[in-house]
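Note: hydrogens, waters and symmetry copies are ignored here, and every other heavy atom, side chains too, is used. Chain A is the first sequence line, chain B the second, and so forth, proteins listed ahead of strands; every chain is numbered from 1.
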Amino acid sequence: MRIIVLRTFWLLIALSFCFSCVKVVKSDSMMMEARKMIETAKEEKAEVYAPDHLEMCQKELSRAQQALEDGNSSRAVGWARRAMVDAELAALIAKSKRLKKEMVSMGGNESN
Amino acid sequence: MKRHFYILVVISLLFACAKNGALNDVRQVLEKARNSEKVKKYSQMKLDDAELAYSKAKGSHHPDDIYVAKRKAEIALFYADAQETQENYLKAKNSYDEKLASQKKEKEEEIARLKDELAEKDRLLQEREEEWAKARSELEDAMKGLGEVKQEDRGLVLYISDILFDFDKSTLKKGAIDGLIKVAEKLGEFPNYKLKVEGHTDSIGSEQYNQKLSDARASTVSEFLIGHGVGADRVTTYGFGESAPRATNDTEAGRQLNRRVEIIVEHNK
């Protein structure tokens, strides 16, 4: 009986360790995705056309990083997810505005 | 104890309302995306993604899920806008490139036309220069025995000395006629040049008299030229009297030079 209790105890310890590892890996991977998306937004000139959105997603990414350093993996995942969607939005807004401006400079129609 | 229980219930209710409010915002944005024709055309996949995120948010009520669901619904809207803009941009760019190509072609054609025009002008100029050189050479030959030929700013000047007229007369000497015929014939061969016939005298006699004499002599030469094949519309006649001497009137040699008729062949530049 005692052996069973001991085994169960170590099994639970191992499982919780694995679970925490998975959380850290997940947050790392999400932060990487968020960084990529921020780069994409910058390529679309979000610094010029969607500066507020870009700043927001950069702050969210910093918070994710901070949460990870504090050992709060689930919070890190949360901030990284927010950073990802905000960066995607910044990229789309910037792309749309940039193309519209280029159309105006070509003498085209800005409105859609 | 009871009071704490009620406070907890109220806080829970407020919290639940706040979450429902946030979910309601998501629902509104999602509804907008669902009803958008642009989204149907360009970003159905993004809309499906937003629907999934909304379902997850409804189930979990987690603030991150709600936030992400709202953003995904917005992404569906902005993705459609960006796609449509890109489509319009490509159309505009094609049209702009075509316009530029057409303008470039027009400019190249214009340059080619101008080059042709320039080449033609150069050719005509060359022809004219050759003709002018020929006229000069042939007139120099024809003028032998009558006087000299000089290239001046006003044109090619044929200085015909006083051998044309007897003293105080304005009728041509018989001996000078043959030479003047040669000159007239040569001038007739080059019809592109305007001619000025100028009469000049020395200072012997009154100014008025000399003026009349120079007018008469210039007219005689003009009429002679016209009578021998030179177009009347090419010829203008002037009498200068004694006002434009070539040399001093104090010596016989100088006076001889001053008694003259000048035919100026004007170079059309």
Side-chain angles (χ1 to χ4, degrees), chain A residues 23 26-27 30-31 33-34 37-38 40-41 43-46 49-50 52-54 56-57 59-61 63-64 67-68 72-112, chain B residues 19 22 25-26 29-30 32-33 36-39 41-43 45-47 49-54 56-57 60-103:
Chain A
K23 277 269 181 186
K26 191 182 175 189
S27 63
M30 294 208 85
M31 280 166 65
E33 287 298 311
M37 196 52 84
I38 288 171
T40 306
E43 280 165 18
E44 296 289 357
K45 297 195 176 171
Y49 298 106
D52 294 343
H53 285 82
L54 185 69
M56 193 192 288
C57 62
K59 275 183 185 168
E60 285 161 348
L61 188 64
R63 283 177 183 164
L68 194 65
N72 191 346
S73 302
S74 58
R75 202 64 222 112
V77 170
W79 283 119
R81 285 175 67 206
R82 286 180 183 227
M84 259 174 67
V85 287
D86 276 325
E88 189 176 354
L89 198 59
L92 289 172
I93 290 169
K95 182 180 180 181
S96 192
K97 281 188 180 175
R98 182 175 57 77
L99 291 179
K100 279 173 187 170
K101 194 179 174 190
E102 280 181 29
M103 271 198 284
V104 170
S105 71
M106 286 191 295
N109 189 3
E110 187 190 4
S111 62
N112 289 315
Chain B
K19 282 195 173 175
D25 283 351
V26 181
V29 181
L30 199 57
K32 196 177 164 190
S36 163
E37 289 302 318
K38 237 194 264 184
V39 171
K41 186 176 175 187
Y42 296 106
S43 61
M45 275 177 69
K46 296 282 179 191
L47 181 62
D49 203 17
E51 297 279 10
L52 274 176
Y54 177 60
K56 190 180 173 190
S60 70
H61 279 82
H62 192 284
D64 285 342
D65 290 341
I66 294 170
Y67 186 90
V68 169
K70 190 181 176 191
R71 282 288 186 255
K72 287 206 168 178
E74 286 171 347
I75 284 169
L77 284 167
F78 279 101
Y79 185 82
D81 187 54
Q83 287 299 105
E84 191 188 57
T85 306
Q86 186 167 358
E87 208 173 276
N88 290 337
Y89 169 82
L90 289 174
K91 277 183 202 162
K93 192 169 187 315
N94 280 342
S95 147
Y96 182 70
D97 288 347
E98 277 170 18
K99 194 172 138 194
L100 278 186
S102 155
Q103 280 174 349

Visitor: Please flag which part of B:Tyr67 lies under 4.5 Å from any non-hydrogen atom of chain A: side chain, backbone, both or neither.
Guide: side chain
Visitor: Against chain A, label B:Lys46 side chain, backbone, both or neither, depending on which of its atoms sit under 4.5 Å from a heavy atom there.
Guide: side chain
Visitor: Going from CD on B:Glu87 to CG on A:Leu99, what distance comes out if it is rounded to the nearest 0.5 angstrom?
Guide: 12.0 Å
Visitor: Look up atom CG in A:Leu92 and atom CG in B:Asp81, then write down how far apart they are to the nearest 0.5 Å.
Guide: 9.0 Å
Visitor: Taking atom NZ of A:Lys95 and atom OG1 of B:Thr85, what is their separation to the nearest 0.5 Å?
Guide: 9.0 Å
Visitor: Heavy atoms only, distances under 4.5 angstrom: which of B:Leu100, B:Asp65, B:Leu77 has the most pairs with chain A? Name it, please.
Guide: B:Asp65
Visitor: Could you tell me which portion of A:Glu60 (side chain, backbone, both or neither) has an atom closer than 4.5 angstrom to a non-hydrogen atom of chain B?
Guide: side chain
Visitor: Nearest 0.5 Å, please: how far is OH in B:Tyr79 from CD in A:Glu88?
Guide: 9.0 Å
Visitor: How long is the span from the NZ atom in B:Lys93 to the CD atom in A:Glu102, to the nearest 0.5 Å?
Guide: 9.0 Å
Visitor: Drop me the distance from B:Asp64's CG to A:Arg81's CZ, to the nearest 0.5 angstrom.
Guide: 6.0 Å
